[in-house]
Amino acid sequence: MRKSRPLGLRLYDRALVEILGQTRPQTAERDETRAGLYRIGGFVYRENGTPLPSKPPAPPVLLVYSTGCRLVRG
């Protein structure tokens, strides 16, 4: 299996993020104990959106919304 290369994404704290297999955007939360890492839906990602190795493998990040975007519940 080929490794995916970073897509030029940049995560930030409280970013809305689309990941493969999820129907709604998820919220990225900065990991307070490790610099440059973010938690999204139970998985850990680097600032550039690449997942850290895990079992099961973390789904890839497809899209990071711009700052100021908000999830509207309705």
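Computation of the quantities below employed the complete heavy-atom set of this structure, encompassing side-chain atoms and omitting hydrogens, waters and symmetry-equivalent molecules. Being a predicted model, the structure only gives us computed values, none of them experimental.
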What is the minimum heavy-atom distance between [X] and [Y], and which atoms define it?
X	Y	result
A15	V64	CB-CG1, 4.2 Å
Q26	R24	NE2-O, 3.2 Å
Y45	P59	OH-O, 2.5 Å
I19	L62	C-CD1, 4.1 Å

Any pair counted as salt bridge (Lys or Arg N to Asp or Glu O under 4.0 Å), so long as it reaches residues 43-53, sequence neighbours left out:
R10-E47
side-chain hydrogen bond (donor to acceptor under 3.5 Å, both in side chains): which pairs involve residues 55-65, sequence neighbours left out?
E18-Y65
Under 3.5 Å, sequence neighbours excluded: what are the donor-acceptor pairs made by side chains of residues 32-42?
{"from": "T33", "atom 1": "OG1", "to": "D31", "atom 2": "OD1", "distance (Å)": "2.7"}
{"from": "R34", "atom 1": "NE", "to": "D31", "atom 2": "OD2", "distance (Å)": "3.4"}
{"from": "R34", "atom 1": "NH2", "to": "D31", "atom 2": "OD2", "distance (Å)": "3.2"}

Among the clusters formed by ILVMFWY side chains lying less than 4.5 Å apart, do L52 and F43 turn up in the same one?
no
Which residues satisfy the side chain to side chain donor-acceptor pair (under 3.5 Å) test with Y12, sequence neighbours excluded?
none
Could I get the full list of salt bridge (charged side-chain N to carboxylate O under 4.0 Å, His left out) partners for D13, not counting sequence neighbours?
none
When you look at T27 and L16, which way does the side chain to side chain contact (heavy atoms under 4.5 Å, CB included) test go after all the steps?
CA-CA 5 Å; T27 303; L16 287 177; 4.0 Å; yes
